[in-house]
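Only one structure is covered here, and it is reproduced in the block below.
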Amino acid sequence: MLSLKYIRENTDYVQDSLTRKQSRVNISNLLEFDIQRRNCLKEVEVLRAEKNQVSSSIAELKKGGENAQEDILAMRTVSNKIKAVETELRKVEESIANDIYYVPNIVHSSVPVGKDETGNVVIKKWGDVPDFSFKPKDHLRLGEDLKLFDFKRSVKMAGAGFPLYTGLGAKLERALINFMLDYHVSKHNYTELFPPFLAHAEAMQNTGQLPKFKDDMYEIPEDALYCIPTAEVPVTNMHQGEIIPESELPIKYAAYSACFRREAGSYGKDTKGLIRVHQFNKVELVKFVHPDNSYKELETLLENAEAILQALGLHYRVLELCSGELSFSAAKCYDLEVWSPAENKYLEVSSCSNFENFQSRRSNIRYRNKSTGKSELIHTLNGSGLATPRLMVALLETYQQEDGRIKLPAALHPFMNMEIIAIP
RNA sequence: GGAGAGUUGGCAGAGCGGUAAUGCAGCGGAUUGCUAAUCCGUCAACCUUUAAUUCGGAUGCAGAAGUUCAAAUCUUCUACUCUCCGCCA
């Protein structure tokens with residue numbers, strides 16, 4: 001979240017940022033509440049000061065064995081007054097809390113202005129669109145022929161959108177996860193984590209999933225827990241409430257998790273196979289960094305995610321998201337899109353974002369500034385590195401042979417113990 | 001599921017109705033001098049004020065409600081942590 005003080009002192013900038021983000025959030029209510037709050041505070045603080053003063057004089061009198069009855073009676077009315085104003089204050093603060101959680105992060109000045117996906121800027125293309133001497137099959141057909149997934153039977157377990165990987169498909173899924181984790185740990189110096197897949201409401205609120213995206217999450221009401229939509233949630237919350245020594249920054253984590261998304265409102269879109277599912281696997285990269293370096297760290301985060309696609313030899317492009325496409329919590333974001341030969345389009349496999357102190361303010365994650373000795377909010381970043389389903393789509397389609405077999409890229413050979421996936 | 005103990009500043013830790021000791025670490029300063037020590041100040045977030053990183057005020061003891069002139073301290077509820085028992089992969 002943003003701080004109320006920041007909104008108050010930079011109202012025009014925040015409003016401009018909201019406009020660029022295509023947000024209809026109204027901050028004038030918030031500013032009105034802010035004034036009310038400060039008026040109440042002033043009132044209550046004067047009364048409290050009086051209370052403290054008289055209270056200590058009562059204490060003095062009693063110590064000296066004197067009668068303090070007069071003061072005590074007077075304090076009774078003051079106390080009641082305080083209670084009344086405090087109630088009012090609490091109401092105003094509740095209104096502020098309700099509203100401020102719906103205000104999205106500000107947009108970084110480097111972000112191109114635009115209102116929808118047409119405003120995104122392609123800043124890079126890597127590799128070539130693969131060329132086929134035959135008509136390439138789509139991943140569904142390939143999966144069926146090679147018995148890699150079973151979408152019909154998975155319905156018996158959990159319904160549509162919960163993929164079941166079978167045989168070499170299951171092994172390939174596991175190989176991709178292992179390959180990516182190993183790569184980030186050994187080549188990019190991330191620390192590997194295996195986090196819980198459920199998180200409580202506070203954790204969800206800290207990273208910005210709640211309150212706005214409640215409907216997109218699976219919930220377990222008996223235990224007040226939610227299924228995580230990304231490992232970003234548990235991993236970012238790992239340092240909640242901590243003050244991290246400046247010398248330990250940046251902290252970099254790579255975490256595998258299953259991800260659960262209800263995808264409410266997107267029914268009928270991308271219903272084919274693996275392209276949009278309720279449960280999927282992802283290796284997530286999360287960084288806790290010094291505020292001065294966060295944009296540099298965003299660039300390397302992007303490079304780290306790209307390295308996976310390069311190692312797998314898959315054609316992709318990088319988008320710099322325009323202001324209107326930025327997610328709620330992000331100040332700047334790059335999307336990585338891999339090429340699907342059968343779909344004949346690019347599919348998003350990663351978003352790399354800088355959240356600046358939007359998440360760390362909610363989660364109260366700080367570092368100790370060496371020169372001032374004061375604690376300040378750190379910046380958080382994260383990016384997928386990568387999500388498997390669409391990666392699987394691109395991989396199968398890109399490396400298919402005319403005879404229907406899949407010739408795996410060399411990077412996966414050690415993880416699969418084979419070079420070619422053949423028709424069983 | 002049952003029983004018990006606990007949750008205080010960055011950390012450690014006292015206080016158990018009169019308004020948060022003390023130690024360590026950090027930051028600032030002073031002083032003596034030299035593989036460092038000693039002393040002083042400061043040490044979340046908030047409001048107000050200021051030329052100011054200034055003065056002041058209020059808050060703050062897991063969270064919420066209550067009793068009281070006054071709550072870290074008493075009462076109730078909630079959350080979390082630990083220990084033991086039971087059940088289970």
Side-chain angles (χ1 to χ4, degrees), chain A residues 1-9 30-98 100-101 194 196-206 210 220-226 234 237-249 251 288 290-291 357-378:
Chain A
M1 65 172 177
L2 300 177
S3 80
L4 192 50
K5 195 172 172 187
Y6 182 84
I7 297 174
R8 182 199 314 147
E9 287 170 0
L30 214 41
L31 291 170
E32 184 54 42
F33 288 140
D34 180 42
I35 292 167
Q36 283 178 30
R37 170 173 169 268
R38 283 183 292 151
N39 286 340
C40 279
L41 255 185
K42 223 185 288 180
E43 202 176 332
V44 85
E45 283 185 2
V46 169
L47 289 168
R48 280 170 180 165
E50 187 187 341
K51 185 187 90 171
N52 289 342
Q53 215 170 2
V54 180
S55 275
S56 58
S57 87
I58 291 173
E60 284 298 314
L61 288 174
K62 289 221 161 179
K63 238 181 241 169
E66 293 177 59
N67 193 319
Q69 205 49 40
E70 204 174 306
D71 282 343
I72 288 176
L73 284 175
M75 281 311 295
R76 215 167 267 173
T77 42
V78 176
S79 273
N80 284 335
K81 239 197 222 158
I82 290 176
K83 257 175 211 162
V85 184
E86 275 179 343
T87 307
E88 201 181 329
L89 179 65
R90 207 170 310 118
K91 257 166 64 188
V92 176
E93 285 181 336
E94 257 170 50
S95 306
I96 291 171
N98 281 337
I100 203 162
Y101 280 119
F194 203 128
F197 292 177
L198 300 184
H200 51 232
E202 194 190 329
M204 292 294 179
Q205 176 138 311
N206 287 340
L210 284 178
I220 296 129
E222 288 91 332
D223 298 294
L225 290 168
Y226 296 84
N237 276 283
M238 189 166 150
H239 293 292
Q240 187 258 101
E242 292 184 16
I243 296 183
I244 300 166
E246 192 173 349
S247 58
E248 284 178 24
L249 299 177
I251 297 176
F288 300 83
H290 192 287
N357 61 24
F358 193 80
Q359 295 179 327
S360 59
R361 179 170 296 106
R362 291 185 177 194
S363 337
N364 202 20
I365 308 172
R366 295 165 293 171
Y367 73 99
R368 175 95 43 200
N369 188 313
K370 199 90 180 71
S371 53
T372 62
K374 297 226 173 202
S375 56
E376 295 169 12
L377 296 170
I378 53 119

Could you state the atom-to-atom distance from [atom1] of [X] to [atom2] of [N] in whole Å?
X	N	atom1	atom2	answer
D71(A)	U68(B)	CG	C1'	16 Å
Q240(A)	G10(B)	CD	P	13 Å
I72(A)	G18(B)	CD1	P	15 Å
K51(A)	G18(B)	NZ	C1'	12 Å
I82(A)	A58(B)	CD1	C1'	11 Å
I243(A)	A25(B)	CD1	C1'	12 Å
Y367(A)	A25(B)	OH	C1'	19 Å
L47(A)	C69(B)	CG	P	17 Å

Can you confirm whether [X] sits close enough to [Y] that some side-chain heavy atom of one is under 4.5 Å from a side-chain heavy atom of the other?
X	Y	result
F33(A)	L4(A)	no
L89(A)	R37(A)	yes
I365(A)	F288(A)	yes
E202(A)	Q240(A)	yes
L249(A)	I378(A)	yes
D71(A)	S57(A)	yes

Quiz item: Of all the nucleotides listed (C69(B), G10(B), U59(B)), which has the minimum atom distance to the side chain of R48(A)?
Solution: U59(B)

Now, which nucleotide makes the Watson-Crick or G-U wobble pair with [N], with each of the two distances under 3.5 Å?
N	value
U75(B)	A65(B)
C43(B)	none
C87(B)	none
A70(B)	none
A5(B)	U81(B)
U53(B)	none
G10(B)	C24(B)

Practice problem: Treat primed atoms plus P, OP1 and OP2 as sugar-phosphate and everything else as base, then score nucleotides 40-50 of chain B 5' to 3': B for base contact with protein heavy atoms under 4.0 Å, S for sugar-phosphate contact only, - for none. | Solution: ----S-SBS--

Within the 4.0 Å heavy-atom criterion, would you say [X] contacts the bases, only the backbone, or no part of the nucleic acid?
X	value
R361(A)	nothing
I58(A)	base
S55(A)	base
N52(A)	sugar-phosphate

Rounding to an integer number of angstrom, what distance separates [N] and [M] when you compare their [atom1] atoms?
N	M	atom1	value
U75(B)	C16(B)	C1'	15 Å
C47(B)	C34(B)	C1'	48 Å
A72(B)	A58(B)	P	14 Å
G41(B)	U54(B)	C1'	16 Å
A20(B)	A44(B)	C1'	15 Å
A21(B)	G10(B)	P	16 Å
U73(B)	G15(B)	P	15 Å
G18(B)	A3(B)	P	33 Å

Quiz prompt | Distance below 4.0 Å between S56(A) side-chain N/O and A70(B) OP1 or OP2 | solution = no

Quiz prompt | 5' precedence on RNA chain B between L73(A) and A49(A) (nearest-nucleotide basis) | solution = A49(A)

Quiz prompt | Of V44(A) and D223(A), the one whose closest RNA chain B nucleotide lies more 5' | solution = V44(A)

Quiz prompt | Pair R366(A) + E242(A): basic N to acidic O under 4.0 Å | solution = no

Quiz item: Is the closest basic N to carboxylate O distance between E86(A) and R48(A) below 4.0 Å?
Solution: yes

Practice problem: State, to 0.1 Å, how close I72(A) and I58(A) come at their nearest heavy-atom pair, and which atoms those are. | Solution: CG1-CD1, 3.9 Å

Quiz item: Angle class for the H290(A)/Y367(A) ring planes (parallel below 30°, perpendicular above 60°, tilted otherwise)?
Solution: tilted

